[in-house]
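Sequential numbering from 1 along the given sequence is applied to the chain's residues. Note that ligands are numbered from 1 as they come in the structure, with each ligand's atoms numbered from 1 the same way.
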Amino acid sequence: MIAAIPVITVDGPSGVGKGTTASLLSNHLGWHLLDSGAIYRSLALKVLKTDSEISDVIKLVELAERLDLNFKSVIGEPTLVYLDGECVNQELRTESCGSIASIIASIPEVRAALLQRQIQFRQAPGLVADGRDMGTVVFTDAQIKFYLTASPQERAKRRHKQLKNKGIDANIRALEKEIGARDARDSNRKVSPLVPADDAIIIDTSDLSIDEVFRFCIDIIGKAGIKANLNR
Ligand code: C5P
């Protein structure tokens, strides 16, 4: 039997450092990277650009199935996301895109329409996948499943700092509220809710630096006998 291409999943709510951790792990291992949130955000952006109704499920599925989306990644650099041939990295990161992504992500038909796109990222020598349901739905047979958490206050503080670095002034209380609303929606939805997989390793990153989280993960990966791809 041919062994399945290995996958490491990194799930959790926003602001826990899972995107950065997943990216560091994929660089370290020389594996592919899937930022599944970027797929939901891209669909949200398409909905905004086409003035589509988020209550029109048929239209949303049609947009999801036809989404002209490409990822360009170079090891060690941020992945570039192209929607309809245009680089949309900046636009995807807005709060409105995140909120609409979380609303449409609660629709089962939309999730089903985007599933195959995510599975296709599983390519040799391996994949690090970050999102909400990577370990529970999309890659249930992943070799290692990490689930990152952090207190809502700490996550709001991190988001505030990120925005400030971009020259955007935001109210920390409002951010805490927004994060809370998105978490509630992601955790309480009927399909693929945000929950750790039964076999996930849970890491509370509230008092840890990104480097500490990365080292903790690398230690577990090493103990599992997973080696970096040196042929890159
Ligand atoms: O991770 P990110 O903040 O970019 O994700 C945006 C939204 O997309 C999340 O709030 C969530 O509702 C949705 N999402 C999801 N399943 C994933 C990844 C993201 O439902 N695997």
Exercise: identify the closest heavy-atom pair between K18 and L148: CA-CD2, 3.7 Å
Decide side chain to side chain donor-acceptor pair (under 3.5 Å) for D211 and S209; before the verdict, give the C-alpha distance in whole Å, the side-chain angles of both, and the deciding distance to 0.1 Å. CA-CA 5 Å; D211 196 50; S209 67; 5.4 Å; no
Could you tell me whether D35 and R41 have a side-chain N and a carboxylate O separated by less than 4.0 Å? no
Can you work out which protein residues put a heavy atom within less than 4.0 Å of ligand 1? K18, S36, G37, Y40, R41, R93, A101, S102, A105, R111, G131, R132, D133, M134, R182, D186, R189
As a test of understanding, state which of E154, Q162, H160 forms a side chain to side chain donor-acceptor pair (under 3.5 Å) with R158. E154
Should we say atom CG of D207 is surrounded by more than 12 heavy atoms from elsewhere, each under 6.0 Å from it? no
Can a donor-acceptor pair be found, under 3.5 Å and without considering hydrogens, that links the side chain of S106 to the backbone of I103? yes
